[in-house]
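All remarks here apply to the structure that follows.
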2 protein chains.
Amino acid sequence: MDTDPRTAQRSTAERRRRELLEAAERVVLRDGPGASMNAIAAEAGITKPILYRHFGDKGGLYRALAQRHTDALLESLRAALDAPAERRERVEATLDTYLTAIEAHPQVYRFLMHPAEDAETEQGFDVGHHSAPLLRRLGEELAVFIEERLDLGPGSEELARVWGHGIVGMMHAAGDWWLRERPCPREQLVSHLADLLWGRLAAAADRAGRPTF
Amino acid sequence: MDTDPRTAQRSTAERRRRELLEAAERVVLRDGPGASMNAIAAEAGITKPILYRHFGDKGGLYRALAQRHTDALLESLRAALDAPAERRERVEATLDTYLTAIEAHPQVYRFLMHPAEDAETEQGFDVGHHSAPLLRRLGEELAVFIEERLDLGPGSEELARVWGHGIVGMMHAAGDWWLRERPCPREQLVSHLADLLWGRLAAAADRAGRPTF
DNA sequence: CAAAATGCGTTACCGCTAGTAACACACCTG
DNA sequence: CAGGTGTGTTACTAGCGGTAACGCATTTTG
């Protein structure tokens with residue numbers, strides 16, 4: 001059985017690749033992003049060199065593994081951002097989508113945010129290069145969206161990019177903290193962040209007895 | 001020479017520790033945060049076990065190394081945040097202080113933000129634990145500051161903490177991106193971020209031909 | 001049908017890392 | 001002079017990412 005040459009011929013490579021990715025995912029979800037290639041190979045029932053033949057190096061495997069989830073998350077975020085509703089509603093929906101995702105699969109989230117820490121050992125000067133590529137992609141996508149939809153006057157492209165990365169960073173940091181401490185329900189966090197983006201920081205009054213000088 | 005027992009008795013330990021930290025700093029600034037204990041020991045002119053006697057493990061050394069810069073940065077940020085000026089000016093001064101610091105010493109910044117990646121190999125469930133402790137500290141400090149100074153009505157503590165972490169995350173992400181791509185002068189980045197915090201996102205008009213629905 | 005080429009899998013290794021055990025020398029103290 | 005105490009060393013472990021070299025089955029070719 002299973003000795004049919006046609007199916008084996010073309011599907012073995014891709015199927016094996018999918019199987020390996022699934023095994024890798026299981027291990028990463030269990031052991032965190034520090035999972036070793038040995039452990040992944042063992043989980044897949046094979047040995048290390050096969051992994052390296054398929055993915056080149058650890059970074060390659062992690063990149064392949066990240067892309068699945070990244071694409072899915074980006075798609076749902078785009079949908080929330082693009083929904084037919086008031087701007088504030090859309091912003092809240094997008095924040096909520098992100099937070100729901102990281103809440104549902106915290107291990108995936110953890111992995112996605114730090115996929116290839118020390119992959120390339122460039123001793124150069126490229127500061128920040130280690131930071132999560134997903135966050136950068138999110139920031140760039142949001143920047144494009146803002147620039148397309150909002151009328152920000154002259155220099156709008158630059159402004160949109162600053163805002164894109166800034167807002168994504170805000171969402172990420174707040175989400176990270178919230179996921180760890182769980183100080184309030186998700187809806188409240190969403191509302192607080194939207195308030196911040198809506199200028200409530202500027203509008204708030206100083207505390208009594210503490211004049212601004 | 002240098003055989004005086006009094007000085008040797010009490011100062012050797014602390015002095016050695018300072019020397020080791022300075023050597024470690026030199027290596028980390030040269031090789032990045034992935035610097036090995038062997039390299040640090042060699043730079044200090046000694047061998048590994050001495051490092052481990054002084055700092056326990058790599059995380060300990062990194063924590064000791066981080067504290068120096070962290071304290072200095074926190075102090076200047078507090079000063080900027082506390083200056084006698086309008087709120088917007090203070091916010092801009094604080095952002096500018098942070099960006100100036102990371103611009104002046106990008107290697108230090110890179111090290112501070114990711115000090116102990118894989119230090120503890122807890123396979124538990126503490127998502128986000130890997131994230132930079134400095135950012136968390138910044139977020140908490142800013143939260144306290146906001147809660148002390150602003151009148152945010154009921155639930156102000158929770159709101160302040162969300163904002164603290166959110167604003168710090170915004171600053172961090174934008175700074176990281178800016179430092180890598182250098183798309184604009186620092187003053188402009190500061191201004192754009194302050195605009196974002198001042199509600200310009202909410203106030204902006206939709207682009208023509210693209211109604212909100 | 002035999003022989004060569006090709007792909008999947010293995011074992012065994014390299015150089016590196018963090019971290020440690022065990023030993024050697026100097027010194028101050030009784 | 002004996003004995004702790006601290007400072008340093010060498011030599012090691014276990015595990016990591018990654019690779020070279022080989023075994024075996026299957027397919028392709030003469």
Side-chain angles (χ1 to χ4, degrees), chain A residues 1-20 23-24 27-28 31-65 114-123 130, chain B residues 1-20 23-24 27-28 31-65 114-123 130:
Chain A
M1 62 190 85
D2 204 345
T3 54
D4 182 20
R6 294 185 308 251
T7 63
Q9 192 164 6
R10 80 170 172 289
S11 67
T12 33
E14 309 172 12
R15 278 208 343 195
R16 209 40 152 183
R17 194 183 160 94
R18 269 203 7 243
E19 289 175 15
L20 297 184
V27 177
V28 166
D31 299 348
S36 82
M37 295 296 268
N38 254 327
I40 294 173
E43 170 72 27
I46 47 97
T47 50
K48 266 195 302 178
I50 300 185
L51 280 182
Y52 285 94
R53 281 220 254 268
H54 274 271
F55 302 103
D57 62 352
K58 190 169 187 172
L61 199 169
Y62 274 33
R63 248 174 281 126
L65 199 48
H114 296 257
E117 288 299 347
D118 49 293
E120 11 207 347
T121 323
E122 301 172 350
Q123 60 197 8
H130 55 290
Chain B
M1 61 189 86
D2 204 347
T3 53
D4 181 22
R6 294 185 307 252
T7 63
Q9 190 163 9
R10 79 169 173 291
S11 68
T12 31
E14 309 173 12
R15 276 207 343 192
R16 207 42 151 182
R17 194 181 159 95
R18 269 202 8 244
E19 289 174 16
L20 296 185
V27 176
V28 166
D31 300 347
S36 82
M37 295 297 267
N38 254 328
I40 294 173
E43 170 72 26
I46 47 97
T47 50
K48 267 195 302 178
I50 302 184
L51 281 182
Y52 284 96
R53 281 220 256 268
H54 274 271
F55 301 104
D57 61 352
K58 189 169 188 172
L61 200 169
Y62 274 33
R63 248 175 280 123
L65 200 49
H114 295 257
E117 288 300 343
D118 48 295
E120 7 207 348
T121 324
E122 303 172 349
Q123 60 197 10
H130 55 290

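Every chain is numbered from 1, with letters handed out A, B, ... down the list of sequences.
Residue contacts for A:T47: at a heavy-atom cut-off of 4.0 Å it reaches a base atom on one of the strands shown.
Distance from the side chain of A:I50 is smallest for C:dG9 among the nucleotides C:dG9, D:dG18, D:dT9. For B:R16, whose side chain is taken as the heavy atoms from C-beta onward, the closest listed nucleotide among D:dG8, D:dG17, C:dG9 is D:dG8. Listed nucleotides D:dC16, C:dA18, D:dT9 differ in distance to A:N38; the shortest reach to its side chain belongs to D:dC16.
Residues B:A35 and B:V27 come closest through the heavy atom pair CB-CG1, 3.6 Å. Closest approach of B:R63 and B:D57 over heavy atoms only: NH2-OD1, 4.3 Å. In terms of heavy atoms, A:L61 sits closest to A:A24 at CD2-CB, 3.7 Å. Across every non-hydrogen atom of B:Y62 and B:V28, the tightest pair is OH-CG2, 4.4 Å.
Under the 4.0 Å criterion applied to side-chain N and carboxylate O atoms, A:R17 and A:E14 are not assigned as salt-bridge partners.
When the P atom of C:dT17 is taken as reference, atom CD1 of B:I40 falls 11 Å away, rounded to whole Å. In this structure, A:D57 atom CG and C:dG15 atom P are separated by 20 Å, rounded to whole Å. To the nearest angstrom, C1' of C:dA12 lies 11 Å from NZ of A:K48. With rounding to whole Å, B:I46 atom CD1 is found 9 Å from D:dG8 atom C1'. Look at OH on A:Y52: it is 15 Å from P on C:dT10, rounded to the nearest Å. One interatomic measurement links the two molecules: CG of B:D31 to P of C:dC16, which rounds to 14 Å at whole-angstrom precision. One atom, CE of B:M37, and another, P of D:dT13, lie 21 Å apart when rounded to the nearest Å. B:L51 places its CG atom 14 Å from the C1' atom of C:dT17, with the value rounded to the nearest Å.
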Sugar-phosphate means primed atoms, P, OP1 and OP2; the rest is base. With that split, encode nucleotides 20-25 of chain D 5' to 3' as B, S or - using protein heavy atoms under 4.0 Å.
B-----

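Atoms NZ and CG, on A:K58 and A:L65 in that order, are 11.5 Å from each other to the nearest 0.5 Å.
By the 4.5 Å heavy-atom criterion applied to side chains, B:I46 and B:L20 are counted as neighbours.
In terms of polar N and O atoms assigned as donor or acceptor, the side chain of A:K58 never comes within less than 3.5 Å of the base of D:dG18 in a complementary pairing.
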